[in-house]
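Notes for the one structure printed next.
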Number of protein chains: 2
Amino acid sequence: MTAHSHPQLTKNQSMVFGSLSEAGGPLTAYAILDELRDDGFRAPLQVYRALDKLVEYGMVHRLESLNAFVACSHKGCSGHGTAAFAICDKCGDVREFMPDEVVQSLKAWTESNGFALSRTTIELRGICKNCRKVA
Amino acid sequence: MTAHSHPQLTKNQSMVFGSLSEAGGPLTAYAILDELRDDGFRAPLQVYRALDKLVEYGMVHRLESLNAFVACSHKGCSGHGTAAFAICDKCGDVREFMPDEVVQSLKAWTESNGFALSRTTIELRGICKNCRKVA
DNA sequence: GTATTGACGTAATAATATTACGTCGTAAGC
DNA sequence: GCTTACGACGTAATATTATTACGTCAATAC
């Protein structure tokens, strides 16, 4: 497996990823569970296990400030670097972006402070352009 | 109240803030509750209500990736801008810093995308300098 | 063949957070 | 003074999110 291919997903992983992709936005683990009950899912752990793997593969991101998960918005969905999220508190829309400058700055901080970085969370909360117009 | 003074805290707010300050690191709401049982706290809501206010006042930060809270590490504890946190997964130490450059970059993104920013979460997970030495 | 590994199923439970409802004290308006 | 509004509080119940524990099964390594 190269940095830009996916591992073969298991049935459960595929279903969870499918659910998130179709949703086109963030879902909580329990929302996914509800979606997949008809497909035989019975317990939270089935969802959490699949999500763990999908996050590990970079295909799904966890939104810490929502306790929710979202399919990565990039085509290949795999192996790209740190992402940031702008989350609209009105419509719930989540926009993923890749703020290279930001990532570089944070990396500089970690290096000059001897911090071995493993994971970065960047989440912006506010009101999206569209909702501002409507208001 | 000016941008750099605190509001008068209520008894509960003082106790919660005291608990967090004394801890010198992040505590969950329930850990705070346990700390304060001897002082008459009985229910989670007492803690959550105090935390809400303390966060609003800028005296306490919520660490989304830990579901925990930490006293602001700045003296005045009030009214400063966005903070970032480097969280050591080994010793649990949390270091707060103010990455102006990062904040500026993110602000630029929000402005060019019409996003009305209200709250920013920046959390780095990894291993701190000290723990790397020990290992 | 048998030991190891990784995904899975199920149940139980832990940990985190909120809703609902009533009380009390204080300060504002009359 | 009275009373109305408000904000903090107390308590109970419940909702939501996440994990631990334990056993099964299939694929692969030895």
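Residue numbering restarts at 1 for every chain, and letters A, B, ... go by the order of the sequence lines. In this text, all values refer to a predicted model and were calculated from it rather than measured experimentally.
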Using only modelled atom types and a 3.5 angstrom limit, is any donor from either the side chain of A:Y30 or the base of D:dA15 paired with an acceptor on the other? no

Can you tell me if A:Q46 touches the phosphate of C:dG9, counting only side-chain N or O atoms and a distance under 4.0 Å to OP1 or OP2? yes

Between D:dA8 (P) and B:R42 (CZ): distance, integer Å: 23 Å

So A:W109 and B:F97, would you call those rings parallel, tilted or perpendicular, with 30° and 60° as cut-offs? parallel

Is the phosphate of C:dA7 approached by A:K53 (side-chain N or O, under 4.0 Å from OP1 or OP2)? yes

Please state whether the base of C:dG9 and the side chain of A:R49 form at least one donor-acceptor pair under 3.5 Å? yes

Counting side-chain heavy atoms from CB outward, which of D:dT11, D:dG10, C:dT18 is closest to B:A43? D:dT11

Under 4.0 angstrom between B:T10 side-chain N/O and D:dC9 OP1 or OP2: yes

Picking from D:dA18, D:dT17, C:dA11, the nucleotide nearest the side-chain atoms of A:L45 would be C:dA11

Rounded to whole angstrom units, what separation is found between the CG atom of A:L9 and the P atom of C:dG6? 17 Å

A:L33 atom CG is separated from D:dT19 atom C1', nearest whole Å, by 15 Å

Measure the distance from CG on B:D52 to C1' on C:dA17 and round it to the nearest whole Å. 10 Å

Quick one: B:Y48 OH to D:dA12 C1', roughly how many Å, whole number? 16 Å

Is it the case that the ring center of B:F69 lies less than 6.0 angstrom away from the ring center of B:H61? no

Can you check the A:L66 CG to D:dT16 C1' distance for me, whole Å? 14 Å

Close side-chain approach of A:F115 to B:R95, heavy-atom, < 4.5 Å: no

Go through B:S105 and A:E101 one step at a time and tell me if the side chain to side chain donor-acceptor pair (under 3.5 Å) criterion holds. CA-CA 7 Å; B:S105 294; A:E101 225 174 294; 3.1 Å; yes

What residue among B:I32, B:T10, B:L33 forms side-chain contact (heavy atoms from CB on, under 4.5 Å) with B:V16? B:I32

Give a yes/no on whether any side-chain N or O of B:N67 is located under 4.0 angstrom from OP1 or OP2 of C:dA17. yes

Distance in angstrom units between A:E64 CD and D:dT17 C1', rounded: 12 Å

To the nearest Å, how far apart are A:F69 CZ and D:dA18 P? 6 Å

